[in-house]
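First comes the structure, then the notes that go with it.
Keep in mind it's a predicted model, so treat the numbers as computed, not measured. In listed order, ligands and their atoms are each counted from 1.
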Amino acid sequence: MYRTAVHFPNVVTMRRAPYSSESTLMVDSNITNSPEWNCIHTNDSETMFPTNFAWGAATSAYQIEGGWDVDDKGPSIWDTFCHEGGRLVFEGQSGDVTCNSYELWEEDLRCIRQLGLTHYRLSLSWSRLLPEGITRHVNQKGLRYYNKVINDLLASDVLPMVTLYHFDLPQALQDQGGWKSPEIAAIFDSYACFCFESFGDRVKLWITLNEPYVCAKLGHEDGIFAPGVKEPGMAAYLVGHNMLRGHARAWHSYNVLYRAKQGGSVSLAINSDWAEPLDPASPDDTAATERYLAFTLGWFAWPLFVTGDYPEVMRSSIEVRSKELGYQEGSRLPRFSKDEPSLLGTADFFALNYYTSRRVKPGECCPGLLGLKSDRDAEGVVDPSWPVCGVSWLAVVPDGLRKLLKYIKDTFNNPAVYITENGFSQVGPVDMEDVQRCGFYHDIIQEVARALREDGVDVRGYFAWSLLDNFEWADGFSVRFGLFHVDFSRPKRPRTAYRSGREYAGIISKYRSQTMVNI
Ligand code: BGC
């Protein structure tokens with residue numbers, strides 16, 4: 001019923017400034033090697049999945065937990081941003097209560113079980129565990145909360161994938177310079193070690209940082225995400241750099257101190273659009289596409305998977321623009337020091353957040369100004385044939401995911417890939433019979449199957465964003481990505497499956513039962 005490529009009208013509903021951007025405890029500790037392909041050929045000759053494919057859904061702490069100041073939790077930059085910079089968030093909303101998962105975790109677990117997930121991706125609130133951001137003061141109640149979440153998941157045969165940082169820096173660390181400060185890398189490493197030590201006996205899939213691109217660009221260039229810094233062309237590169245340094249330190253700590261006894265895998269979640277030239281015959285559009293990908297995917301993937309440094313085209317574009325603008329205070333894109341832990345090889349798998357695609361041409365923006373867009377000199381446009389769901393940046397292009405997966409395979413030496421986020425938003429009146437989103441999930445999962453079968457991409461899992469409707473950052477509660485609707489007007493925040501939630505459960509059940517038949 002949902003098998004055609006495009007099921008829905010071209011709905012453009014704009015809100016705020018766009019941004020584009022085994023049910024057993026067995027975990028594959030040798031994740032970079034090819035899996036034992038116990039492949040599933042379904043009745044639908046189109047589809048196959050490995051037997052231990054991860055079927056997941058994802059959330060993040062600030063977006064669902066609430067309990068922003070209870071039980072000794074320290075404030076995070078998102079608490080401050082919502083409370084003090086309220087006009088930047090839709091209708092002055094905040095994540096103070098949101099889904100109240102801090103108190104209602106068992107309701108979330110019920111949803112997870114209802115979907116039949118094999119994996120659940122959650123993030124830890126750094127300032128709930130360490131209210132001041134450092135290990136001098138550990139909040140035992142925070143520790144107890146996450147221990148319960150992890151233990152309940154495992155008791156339900158659901159494996160946790162845990163993100164250490166999803167946009168919510170402890171305010172105490174922001175006050176000392178935040179991600180702009182070089183000291184943050186060592187502080188993040190000690191927080192990471194605290195988490196490996198506390199939970200690593202049970203957690204085998206770790207993401208250090210979620211979407212450094214978004215933290216850098218939206219948080220420190222555009223100022224529309226916390227901490228609301230607007231220093232175009234400068235701060236984003238520094239922030240991205242320190243995030244990479246922090247990630248590298250944490251990966252090396254895991255490698256040396258924990259890997260042998262815990263046997264898990266560590267990576268960093270990179271968001272990227274798929275991009276292709278507006279006019280495939282145009283060399284200018286092709287070169288612009290290369291820059292577009294280098295300034296999003298390449299920025300964080302190149303150091304980890306290819307050279308230990310930024311893509312050459314990124315560095316040269318920034319240098320050229322600096323020269324043109326007469327900027328003379330050294331490179332705006334920092335260099336990695338030889339005295340620090342190396343970046344290359346510090347990802348045990350590729351963690352990809354994919355939402356949308358763009359056709360690309362040379363940039364038209366602000367040639368006289370310092371800024372990331374002007375450095376990149378590439379403009380992404382939405383093809384008019386692509387439907388747009390909910391938010392204006394989210395053009396729905398399922399086959400863009402397949403193309404991006406193939407690109408990752410070819411460019412980064414065929415890594416194991418987890419799709420750690422992908423989803424479809426809804427705005428306006430609540431539609432519990434969300435057939436468009438149902439169609440989207442069917443289409444995108446077919447594209448993942450094609451990437452596996454036809455392109456030989458080593459895809460290990462798929463996590464839908466999101467388990468629940470939640471606090472969608474600057475869009476507040478006006479944009480809904482959930483497989484479960486949450487009624488934010490009622491104190492108990494009741495969760496009800498959308499039709500797409502039931503469909504996703506059906507998809508999982510179909511492939512998992514075929515898995516069992518095929519073992
Ligand atoms: C983020 C999520 C966010 C989603 C939809 C991703 O960039 O990791 O936190 O809710 O996009 O906008």
Side-chain angles (χ1 to χ4, degrees), residues 13-21 56-65 76-78 81-82 89-90 93-95 98-99 101 120-126 161-169 207-219 221-222 224-226 240 243 267-274 296-297 299-300 351-358 388-397 400-401 404 418-427 437 440-441 444 462-484 486 500:
T13 323
M14 182 45 203
R15 295 231 60 92
R16 307 187 62 78
Y19 88 89
S20 71
S21 188
T59 58
S60 88
Y62 186 75
Q63 292 179 275
I64 66 163
E65 282 180 8
S76 80
I77 54 173
W78 268 93
F81 189 70
C82 292
V89 176
F90 179 76
Q93 295 169 345
S94 77
T98 176
C99 308
S101 295
Y120 176 57
R121 177 176 176 229
L122 68 141
S123 83
L124 307 177
S125 160
W126 186 344
M161 174 185 271
V162 172
T163 303
L164 298 176
Y165 181 78
H166 196 125
F167 302 172
D168 49 351
L169 192 74
I207 302 290
T208 53
L209 303 164
N210 183 67
E211 300 188 350
Y213 174 90
V214 169
C215 300
K217 171 126 186 340
L218 275 64
E221 164 111 2
D222 306 333
I224 58 172
F225 271 26
M243 294 188 96
S267 192
L268 170 151
I270 300 177
N271 63 291
S272 185
D273 302 346
W274 169 241
T296 45
L297 187 74
W299 185 353
F300 300 98
L352 172 69
N353 293 356
Y354 169 80
Y355 283 91
T356 191
S357 292
R358 290 291 184 269
V388 174
C389 77
V391 277
S392 70
W393 57 268
L394 216 173
V396 184
V397 196
L401 175 57
L404 185 55
Y418 283 89
I419 299 152
T420 38
E421 277 183 40
N422 172 249
F424 182 106
S425 69
Q426 189 183 93
V427 300
R437 183 152 45 197
F440 164 76
Y441 277 116
I444 200 98
Y462 175 87
F463 290 75
W465 183 270
S466 176
L467 179 69
L468 305 172
D469 285 345
N470 59 48
F471 178 77
E472 178 50 28
W473 307 115
D475 285 327
F477 299 100
S478 67
V479 175
R480 300 179 297 275
F481 274 92
L483 292 162
F484 283 79
V486 177
S500 58

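A tilted orientation is assigned to the rings of W78 and W473, their planes being inclined by 30° to 60°.
For ligand 1 and H166, the ligand atoms under 4.0 Å from any heavy atom of the residue are 1 (C), 2 (C), 8 (O), 9 (O). Atoms of ligand 1 found under 4.0 Å from any heavy atom of F481 (numbered from 1 in listed order, with element): 5 (C), 12 (O).
The closest approach between a heavy atom of W393 and any atom of ligand 1 is below 4.0 Å. Assignment of N210 to the shell around ligand 1 is supported, since a heavy atom sits closer than 4.0 Å.
Any N or O atom pair closer than 3.5 Å counts here, and W473 shares at least one such pair with ligand 1. Where the criterion is an N or O separation shorter than 3.5 Å, residue side chain and backbone included, E421 meets it with respect to ligand 1.
A donor-acceptor pair is defined here as one N or O able to donate and one able to accept, closer than 3.5 Å; no such pair exists between the side chain of S123 and the backbone of L164.
The one candidate from T420, T296, L297 that meets the side chain to side chain contact (heavy atoms under 4.5 Å, CB included) condition with I270 is L297. Among the candidates N470, D469, L467, the single residue satisfying the side chain to side chain contact (heavy atoms under 4.5 Å, CB included) test with V486 is D469. Among Y462, W465, Y355, the single residue meeting the side-chain hydrogen bond (donor to acceptor under 3.5 Å, both in side chains) criterion with N422 is Y462.
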